[in-house]
Every structure is written in C-alpha cells, then in structure tokens.
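Owing to the predicted nature of the structure, the values given are computational and were not obtained by experimental measurement. What you see below is based on every heavy atom in this structure, not just the backbone, and it leaves out hydrogens, waters and symmetry mates.
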Amino acid sequence: MDFTYDDEQQALREAVRGLLATTYADHETRRRTVADEPGFDRALWGRLAEMGILGLPFSEDDGGVGAGPVEIGIVCQELGRVLAPEPFLASVVHAGGLVASLGLAEQRADLLGRLSAGEVVLAAADTSPGGRWASRADGVRASVSDGTWTLDGVADPVVGGESADVLVVTAALPDGGTGVFVVAADDVSRTGYAAADLTRAASVTFDGSAATPLGEAGRDAGPSIATISDLTRIMGANQALGVMQSQVRATTDYLKSRKQFGVTLNAFQALTFRAADMYVELELAHSMVDWATMTIAGGDRDVVADAADRVGLQIARSGRHIGQEAIQLHGGIGMTAEYAVGVGTAHLEVLDQWLGNGPHHLRRLAERVTDHDLVEAI
Amino acid sequence: MQLELSQTDREFRDRMRETFTTKVPQEIRDTVLEGRHLTRDQIVESQQALNAEGLAVPHWPVEWGGQDWTDLQRHLWHEEMQRAGVPIPLAFNASMIGPVIAQFGSEEQKERFLAKTANLDIWWSQGFSEPDAGSDLASLRTTAVRDGDDWVVNGQKTWTTLGQHGDWIFTLVRTDTEVKKQAGISMLLIDMTDPGVEVRPIELIDGGYEVNEVWFSDVRVPGDLLVGEPGGGWTIAKFLLGNERVGVAPVGATKRALATLKTTAADQLDDPLVRARIAELENDLLALELTALRVVAHSSDGEPHPASSVLKLRGTVLQQAVSELALDLAGPASLASRAEDDSPQEGWARRTAPTYLNLRKASIYGGSNEIQRQIISRTILGL
Ligand SMILES: Cc1cc2nc3c(=O)[nH]c(=O)nc-3n(C[C@H](O)[C@H](O)[C@H](O)COP(=O)(O)OP(=O)(O)OC[C@H]3O[C@@H](n4cnc5c(N)ncnc54)[C@H](O)[C@@H]3O)c2cc1C
C-alpha cells in the first residue's frame with residue numbers, strides 16, 4: 001500500500017506540466033483557443049503525440065506506450081490544472097478505450113496507432129438526446145444488409161465530436177443488445193456547439209451512415225461499454241482534481257493579495273475558515289481519486305465500477321463546494337469569463353454532467369448499500 | 001502508487017484481527033459495539049489484555065514497551081482495534097502522558113511511571129483546561145509557587161474527563177507570572193490523593209458524568225514531579241496536543257457504528273432516503289480513511305502531518321453525522337432514553353438520543369474544529 005508517485009511518474013508530471021505551460025501559461029490563451037476552430041490547439045496535440053502522451057493507455061502492439069492508469073491520471077490532472085481544452089479524455093481515454101477493449105487486432109493497430117501518432121482524433125458517440133449515462137444505446141440503431149452495416153439516429157452530446165475524424169458509436173443491434181461501430185466523420189452530419197466551459201461538443205445525425213463493427217459483428221458489447229465508461233469516469237475525476245487544485249491555490253493567493261477595508265482579505269476569519277473547508281474537500285477528493293485510480297490495476301470490473309461510483313460522488317460533492325466557494329471568495333472577478341476561476345467551475349460541471357453526476361452515483365451506491373457490511377478501503 | 005497491502009502487512013493485519021478478537025473479552029467488545037458504557041474495570045481489563053500482548057502502546061519508544069512498526073502498521077493496529085470493538089487504550093495514558101514522559105521526562109520519572117502507565121495501573125487525567133482557559137489554553141491561571149524543593153499548587157481545572165477514576169493528573173500550571181504567558185507554564189504530575197485535591201462531577205446533557213472540575217488548594221507537589229524544565233510546559237503541551245489530534249478521529253469505530261445500524265434498523269432499509277444517507281456516509285468515511293492512509297504515508301519523524309487537522313475536523317463531523325442518522329432511525333423510540341431497563345423499546349434506539357447529544361463534544365475537545373480550521377488556514381494555506 002503506497003500513495004506516493006515514483007520518480008518516473010513525477011518526471012512525467014513535470015514534463016506534461018512544462019509542455020502545457022508553454023501553451024496555456026495564461027487563461028487568455030485558453031480563451032482564444034476555445035473560440036477558434038477546432039476548439040483546441042492542434043500544435044499542442046501534435047507535441048503531446050510526440051511525447052507519447054496520446055498513446056499512453058494503449059499496448060505497444062497497438063502503437064501505444066502501454067503505461068498504467070496512474071500515468072494516465074497524472075496527464076488528466078495536469079490538463080485539468082490549466083483547463084486545457086484538448087480532447088484527451090474524450091478521444092484517448094474514452095473513444096480510444098472502446099477501441100482498445102473491443103477492436104480486432106487490425107482495428108486496434110490502425111485506429112490506435114494513428115490516434116497515438118496524432119494523425120486522427122476520435123470521439124465516442126454514446127449518448128442520445130435526453131439520455132443519461134446508460135451503457136445501452138437507444139438513440140442510434142444499427143441495421144445490417146448483405147453484411148453491410150449502417151446506422152440511423154442521433155447522438156448528442158458527443159464530446160469532441162465536432163472536429164473528430166472518426167466516431168466510435170454505440171448503437172442498438174437488430175437482435176437486441178448494444179454494438180459499437182466505427183464511422184468516418186464524413187458519413188455523418190453534425191452540428192457543433194460549445195459547452196458551458198467552452199469546450200466543443202456536437203450533435204451527430206446518422207442517416208444510413210456506413211459503419212464498421214468494432215470487434216465481432218452483432219455481439220452485445222454492453223459490459224465493455226460500461227467498464228470503459230467507468231474508467232473514463234475515474235480519469236475525469238483526475239482531471240477535476242487538477243481543476244480543484246488550481247481553484248484552491250488561486251483562492252488562497254487572492255485572499256492574501258486583495259485588499260478591502262484597508263487590509264488583505266485573509267484578515268477576515270470568516271473567509272480563511274471557508275478556505276480551510278475548501279482545502280478539506282480537496283484533500284478528501286484527492287484521496288478518493290488516487291484510490292480509484294489504483295483500483296484499475298487490479299483488473300476487476302466490479303471493483304472498478306464501484307470505485308467509479310465512489311469517486312464520482314466524491315468529486316460531485318467536492319467540486320460543487322470548491323467550485324462555488326472559489327467564485328464567492330473572489331467576488332465579482334470570479335464571475336468573469338476572462339478569469340480562470342469561474343471557468344474552472346464550469347469545467348467541473350461539464351465533466352460531472354458528461355461522465356456521471358452526484359445523484360446518479362449516489363443512486364447506484366444506495367442500491368448496493370446492503371451488499372456489504374463495511375466498505376473496505378484495501 | 002499501489003493499493004494492495006504487502007504480504008507482511010497482510011499477515012500483520014490478520015494477526016491484529018486474531019489477537020483483538022481472542023484476547024479481549026467478548027463482553028467488553030459487545031459493550032463497545034452496542035454503544036453501551038464501559039466500567040472502569042472493563043477499561044482497565046481490556047488495556048491490560050492488550051498490554052500483555054504488547055499492543056497497548058506500540059507508538060512508544062521500543063525500550064518502554066513500544067513496537068518497531070511502520071506508520072502503516074500502526075494505522076492497521078488502530079483500525080482493526082476499533083473494528084473489533086476493542087476499547088482504544090486510555091488516551092490520557094497511551095497517547096498523551098506516556099509519550100510525553102518518554103520524550104521529556106527524567107530517567108527517574110520514566111522508571112517510576114511508564115510501565116504502570118502502559119498497563120493502566122495508574123489512571124491518568126488531563127488537567128489542562130480551566131474555566132477561563134479553553135481554546136486560549138496559554139492564558140491558564142492555576143499557579144505553582146516554589147517552596148523549598150516543592151511546588152505549592154492553587155487553582156481550578158475543569159472538563160477533566162473521567163477524573164473520578166483518576167489516580168494521577170498531569171497539569172499545566174503557571175510557575176512564572178513575570179514572563180510572556182507561554183513561557184511561564186510548566187507541567188506538573190500530581191497525585192490525586194494528595195491533600196487539597198478535590199474532584200467535583202459535572203453532569204452533561206446526556207445525563208452522564210464523564211467530566212469533572214478539579215480544585216487545588218495548597219497542594220504540595222515534590223519538585224521531582226515537574227516534567228522537563230520549569231517554563232518548558234508549553235512546548236510539551238504542543239507536542240501532546242499534536243499527538244492528540246492524530247488519534248482523535250475514530251474512523252474505524254464510526255464505520256463500525258454505521259454498519260451496525262444496517263442490522264439494527266434493517267426494517268427501514270427499503271426506504272430509498274435511508275439507503276442514500278447510508279451510502280453517502282459510507283462514501284464520506286471511505287474518503288476520510290483513505291486520507292488517513294495518505295497522511296500516514298507522508299508523516300515523517302513522528303511529527304504530525306499538518307493535514308491531520310483534516311482528519312480531526314472531518315472525523316468528528318462524520319462521527320456526529322452517524323449519530324444523527326441513528327437518532328432519526330430510532331424516531332419516537334429514542335424518547336425512552338431514560339426509561340427503566342424493562343422498557344419495551346429496543347436498547348439501541350434508546351441509546352441514540354444520549355449518544356447524539358454526547359458526541360457534540362467531539363468538535364469541541366482535542367482542539368475545537370474552529371481551531372483546526374485555523375491550523376489549516378495558517379499552517380497549510382499560509383493565510
Ligand atoms: C466532553 C469534554 C471533555 C473534555 N475533556 C478534557 C480533559 O480531559 N482535559 C482538559 O484539559 N480539557 C478537556 N476538555 C476541554 C476542551 O479542551 C475545551 O472545551 C476546548 O479547548 C474548548 O475550550 P472552551 O470550552 O473553553 O471553549 P472556548 O475556547 O471558549 O470556545 C467557544 C467557541 O469559540 C470558538 N473559538 C475559540 N477561539 C476561537 C478562535 N480563535 N477563532 C475562532 N473560534 C474560536 C470555539 O471553537 C468554540 O466554538 C473537554 C471538553 C469537553 C466538552
């Protein structure tokens with residue numbers, strides 16, 4: 001049992017932090033980047049590929065680096081710290097995760113190889129309009145005729161879907177169950193939009209779109225879809241942790257520098273106590289994130305599913321607390337789009353509503369409350 | 001980063017589980033698990049059983065009965081003990097005065113007190129707080145004036161937990177009124193049977209008598225019972241209070257209490273609101289336990305990690321929250337808390353109101369939760 005990062009992990013963090021700092025040294029750059037096509041920095045994406053970051057989760061046979069969950073989590077935390085809009089979570093962790101888990105060897109080598117090299121961007125289309133975190137597809141239907149598969153229906157929100165080259169789509173199979181398909185972006189129509197945190201998503205319409213089954217055609221992929229969602233939930237929590245760390249730091253710095261009534265704000269105990277409570281929430285979230293990330297290495301689906309719910313609930317609670325207090329303790333400046341703190345609060349909310357919010361995870365945990373006596377940490 | 005316990009630590013945990021459940025009488029453990037009150041004799045019996053196994057004071061120096069364990073092993077010891085319903089060794093002895101004497105005491109004091117303190121042959125009380133010195137402990141006014149080789153003590157301590165059982169009391173007293181308030185404080189060990197010591201009980205809101213006032217009128221204390229140097233009491237107090245903060249969040253016991261509610265109030269578990277409250281608390285406790293493990297992993301040289309304030313703050317809040325849930329689950333049955341033993345209401349339900357009321361103390365003592373916020377905002381956040 002060990003909660004410390006080893007030297008290599010520490011070096012990875014430094015390297016990613018250093019690279020991101022060259023692009024997102026200030027919030028203004030992020031603002032300009034999200035306002036422009038494609039909503040992230042392609043040059044930075046290319047450098048992430050060169051560093052091997054985009055191939056971290058994938059095996060060397062598939063063109064990746066074969067790193068573990070802790071390393072992937074480190075990258076997500078660093079992206080979160082600067083609110084980087086690059087679609088690492090959507091493209092590499094989520095869509096790439098589906099390909100790695102379900103794809104045939106050639107599909108993996110092709111798609112993951114090109115993804116790792118920064119040549120294609122993937123996006124996972126797994127949510128129907130009004131849908132809520134289901135591993136069963138209902139918004140998109142798959143049909144097969146003469147061995148050729150096509151898809152019909154709408155997926156929305158597709159995070160990172162506006163500029164993705166390839167979509168990884170969950171669709172209801174003709175004989176029941178949910179399959180996963182690869183669709184070229186040229187074969188769909190899509191409408192892009194900005195989410196509350198100004199990262200890009202899309203509404204994607206499939207109208208007889210040509211689709212290639214990922215893995216064995218016609219087989220139900222429900223359990224794998226659920227597991228990849230759980231992994232993405234945990235990595236999303238890593239990203240949220242990075243956001244919260246920045247918010248707590250920004251808030252304490254602000255209390256030390258902002259003057260009102262002739263003194264810096266940290267003269268007011270009502271405020272320093274609230275900062276202390278933010279720190280408590282941050283530490284609790286940090287512990288849960290590290291723990292949930294570590295459960296992945298054990299390879300037990302049920303354990304990971306449980307960890308995803310637990311960290312999801314914790315992040316929802318801590319994120320609301322820290323995100324709201326960060327704005328409140330900054331006063332008016334926290335409300336502005338030009339200041340990172342409030343945008344961080346928007347990002348936390350987008351992550352949660354995309355990957356699973358507090359009530360969702362709480363409901364699932366509540367259903368299982370009688371399955372155990374004590375919750376075992378180790 | 002790695003989650004599994006090593007083979008050694010797993011065996012260690014199994015050994016703890018085995019020892020706790022076989023060496024400490026079932027009746028004592030049931031009393032703890034059901035949230036009933038322990039008698040003085042039960043507390044002594046339990047600690048002596050642990051001490052016989054070398055498990056009462058593992059965090060002391062090895063030469064005085066401690067164990068050469070890792071921080072993680074100490075954590076496992078603490079958690080498994082609570083899980084098994086074994087009473088935690090009396091904090092005043094095991095976590096407070098024992099480590100103080102081992103660190104600051106004279107050889108003579110060590111020989112005289114440490115073994116008996118570990119074995120609870122001496123029951124210690126903590127005489128720090130006074131009516132006008134609570135959070136601002138350094139403003140204390142009980143005085144000790146030199147007279148030949150002795151000190152003559154006058155004044156009043158209060159909130160002395162279980163002082164009615166106390167054999168000895170470790171006190172902070174003012175030995176110098178001329179200097180800065182912290183610099184004039186010393187620690188004196190006082191035999192509670194000495195003439196001039198008087199213990200008066202205080203009734204608390206749960207109807208119990210666990211705290212007392214302790215009055216000192218011209219109590220003569222031999223000079224060799226001062227710990228460390230005259231004027232060194234404040235340094236010792238800070239050392240002691242730092243240790244107190246670490247041990248004070250009973251995560252294991254709170255987890256156990258919550259799990260027990262799932263059995264005692266099983267008939268209410270089809271209520272989704274009840275399930276949600278339990279699930280939320282279980283998650284909060286998991287986050288806290290993991291934080292304790294992280295803090296343990298980072299604490300060096302036995303210095304408390306500043307984040308131990310997080311454990312105290314959050315641990316007491318969750319301890320209180322579980323007691324609130326218990327009270328809500330008990331409902332009208334909780335009114336019968338002071339009914340006779342033949343009450344038709346279930347025992348667990350009758351205990352919920354006093355327990356809820358009693359546990360309000362947890363966020364006041366051991367450095368109130370406001371003081372913990374102050375430590376976090378100053379020491380950690382630099383505010
Ligand atoms: C059940 C129980 C058992 C105890 N056992 C012992 C014992 O065995 N031995 C012993 O020596 N003492 C014991 N204590 C005393 C305990 O340590 C004190 O109660 C504690 O230090 C708080 O002091 P106070 O009660 O005087 O409250 P005060 O210090 O007067 O505080 C009143 C309120 O003001 C807040 N406050 C105080 N200062 C500040 C500040 N600077 N900023 C913000 N808020 C502040 C406090 O948090 C509290 O909410 C016990 C207390 C209780 C309730």
Does A:T295 reach the side chain of B:L3, with side-chain heavy atoms less than 4.5 Å apart? yes
Can you check salt bridge (Lys or Arg N to Asp or Glu O under 4.0 Å) on A:E281 and B:R314, steps first, answer last? CA-CA 9 Å; A:E281 284 298 329; B:R314 192 70 181 174; 3.7 Å; yes
Segment of B:R277 engaging chain A (4.5 angstrom heavy-atom cut-off): neither
If we define contacts as heavy-atom pairs under 4.5 Å, which of A:V375, A:D373, A:L265 has the most with chain B? A:D373
Under 4.5 Å from any heavy atom of chain A, what part of B:K262 do you find: side chain, backbone, both or neither? side chain
Side chain, backbone, both or neither: which part of A:A275 has an atom under 4.5 Å from a heavy atom of chain B? both
If we define contacts as heavy-atom pairs under 4.5 Å, which of A:R274, A:Q9, A:R368, A:E367 has the most with chain B? A:E367
If you tally heavy-atom pairs under 4.5 Å against chain A, which of B:I376, B:V310, B:L383 wins? B:L383
Would you kindly say whether B:E370 and A:Q269 are connected by a side-chain donor-acceptor distance under 3.5 Å? no
Any donor-acceptor pair under 3.5 Å linking the side-chain atoms of B:R373 with those of A:T272? no
Trace of the salt bridge (Lys or Arg N to Asp or Glu O under 4.0 Å) decision for A:E283 with B:R294: CA-CA 10 Å; A:E283 286 303 306; B:R294 263 178 67 226; 2.9 Å; yes
So for A:R249, is it side chain, backbone, both, or neither that comes closer than 4.5 Å to the heavy atoms of chain B? neither
Going through the distances and angles, do B:E280 and A:R363 end up as a salt bridge (Lys or Arg N to Asp or Glu O under 4.0 Å)? CA-CA 10 Å; B:E280 185 115 33; A:R363 188 175 301 111; over 6 Å; no
Counting only non-hydrogen atoms closer than 4.5 Å, does B:I278 touch chain A with its backbone (N, CA, C, O), its side chain (CB onward), both, or neither? both
